[in-house]
Amino acid sequence: MSERKLLVLFIGPPASGKSTVGEIVARLIQNPSNTLFIQSDTIRRMIAKPIYTKRESRAVYTAMRVLCAHFLKRGYSVFVDATFPKRIQREPFKALAKRFDALFFAFWFKCSLDTVLKRNAQRSGWRVVPSDKLIRMYAAFEEEEGLYMVDTERLSAEDAARYILQTINSIKVSQEALGESG
Ligand SMILES: Nc1ncnc2c1ncn2[C@@H]1O[C@H](COP(=O)(O)OP(=O)(O)OP(=O)(O)O)[C@@H](O)[C@H]1O
Ligand SMILES: [Mg+2]
């Protein structure tokens, strides 16, 4: 039986640990050549001088969606690492998972405002988000049912990566069992 492909969102405020954990997940996954990691930052940095407006953000999410569709269509599993503060930003990706019959997961990287502010302050250059903006982004985050919580205050980055892969595998196995019995 061929492997069911995945569409996995890493969502959460800046400095919550999405990219750090994503790098470890990329090292640990079984089929790296069949897996795409999309980071909003990578796309945004293609703009000569990003200015973080709503319009720019919409363009970045659109580009991620197009890439995601292209690769899912060709049999890849896709991880998307972006803040995704609003439910409306996650919906099109859920729809893509449905369209391309991928198993969908959304992992919410959760930690306190204090922690993200501290981690952000330790960054340098373009990686630093202005504190007032970070506080607004943190407050604007919309929860929803079905998010898997990844607490990067309690879990080390390695343990967070293992938790994510274990969660994915256990759902995969139960889905396959359902498929075989149905
Ligand atoms: N348990 C942990 N899991 C992940 N990162 C951690 C953890 N503990 C400390 N950190 C540190 O927190 C920072 C997280 O930064 P990272 O770039 O991964 O966040 P991000 O969510 O991708 O942010 P952005 O949305 O701005 O890209 C890193 O410096 C990392 O070393
Ligand atoms: Mg990141």
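Since we're looking at a predicted model, the values are computed, not measured. In each ligand, atom 1 is the first atom listed, and ligand 1 is the first ligand listed. All values below come from the heavy atoms of this structure, side chains included, with hydrogens, waters and symmetry mates left out.
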So do [Y] and [X] actually touch side chain to side chain, heavy atoms under 4.5 Å?
X: Tyr61; Y: Met64; value: yes
X: Thr35; Y: Tyr76; value: no
X: Asp81; Y: Ile38; value: no
X: Val21; Y: Val150; value: no

Can you find an N/O atom of [X] closer than 3.5 Å to an N/O atom of ligand 1?
X: Leu155; answer: yes
X: Thr83; answer: no
X: Ala15; answer: yes
X: Asp41; answer: yes

Exercise for review: Could you verify whether a donor N or O on one side chain and an acceptor N or O on the other, from Arg119 and Thr152, lie under 3.5 Å apart?
Suggested key: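 Side-chain D/A pair, Arg119 to Thr152: present.
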
Review point. Any non-hydrogen protein atom below 4.0 Å of atom 29 (O) of ligand 1?
Key: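 No, there is none.
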
Exercise for review: Using 2.8 Å as a strict upper limit, say whether an N, O or S atom of Ser40 approaches the Mg ion (ligand 2) that closely.
Suggested key: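 False for Ser40.
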
Review point. Going by the atom numbers of ligand 1, which of them fall below 4.0 Å from some non-hydrogen atom of Pro13?
Key: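 Reading through ligand 1 atom by atom, the close ones are 21 (O).
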
Review point. So which heavy atom in the protein is nearest atom 18 (O) of ligand 1, and how far is it from that ligand atom?
Key: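 Looking at atom 18 (O) of ligand 1, the protein heavy atom closest to it is Thr20 OG1, 2.5 Å.
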
Practice item. Can you pull out the closest protein heavy atom to atom 13 (C) of ligand 1? Residue, atom name and distance to 0.1 Å, please. Key: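 Looking only at protein heavy atoms, the one closest to atom 13 (C) of ligand 1 is Arg119 CD, 3.9 Å.
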
**Study point:** Within one Ile-Leu-Val-Met-Phe-Trp-Tyr cluster: Val80 and Ile29, side-chain cutoff 4.5 Å
**Key:**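 Per the 4.5 Å side-chain linkage, Val80 and Ile29 are not co-clustered.
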
Practice item. Between Gly17, Ser156, Ala82, flag the one that comes closest to atom 5 (N) of ligand 1 by a heavy atom. Key: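 The nearest heavy atom belongs to Gly17.
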
Check your understanding: Among Lys18, Arg123, Arg154, which residue places a heavy atom closest to atom 17 (O) of ligand 1?
Key ->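 Ranked by closest heavy atom to atom 17 (O) of ligand 1, first place is Arg123.
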
Review point. Considering all heavy atoms of both residues, which atom of Ser16 and which atom of Cys111 are nearest to each other, and what is their separation?
Key: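 Residues Ser16 and Cys111, closest heavy atoms: CA-SG, 3.9 Å.
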
Exercise for review: Would you mind telling me which of Phe104, Phe84, Phe105 makes a ring-ring contact (aromatic ring centres under 6.0 Å, His included) with Phe93?
Suggested key: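 Option passing the ring-ring contact (aromatic ring centres under 6.0 Å, His included) with Phe93: Phe84.
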
Review point. Any non-hydrogen atom of Arg127 lying under 4.0 Å from ligand 1?
Key: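 Yes, Arg127 has a heavy atom closer than 4.0 Å to ligand 1.
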
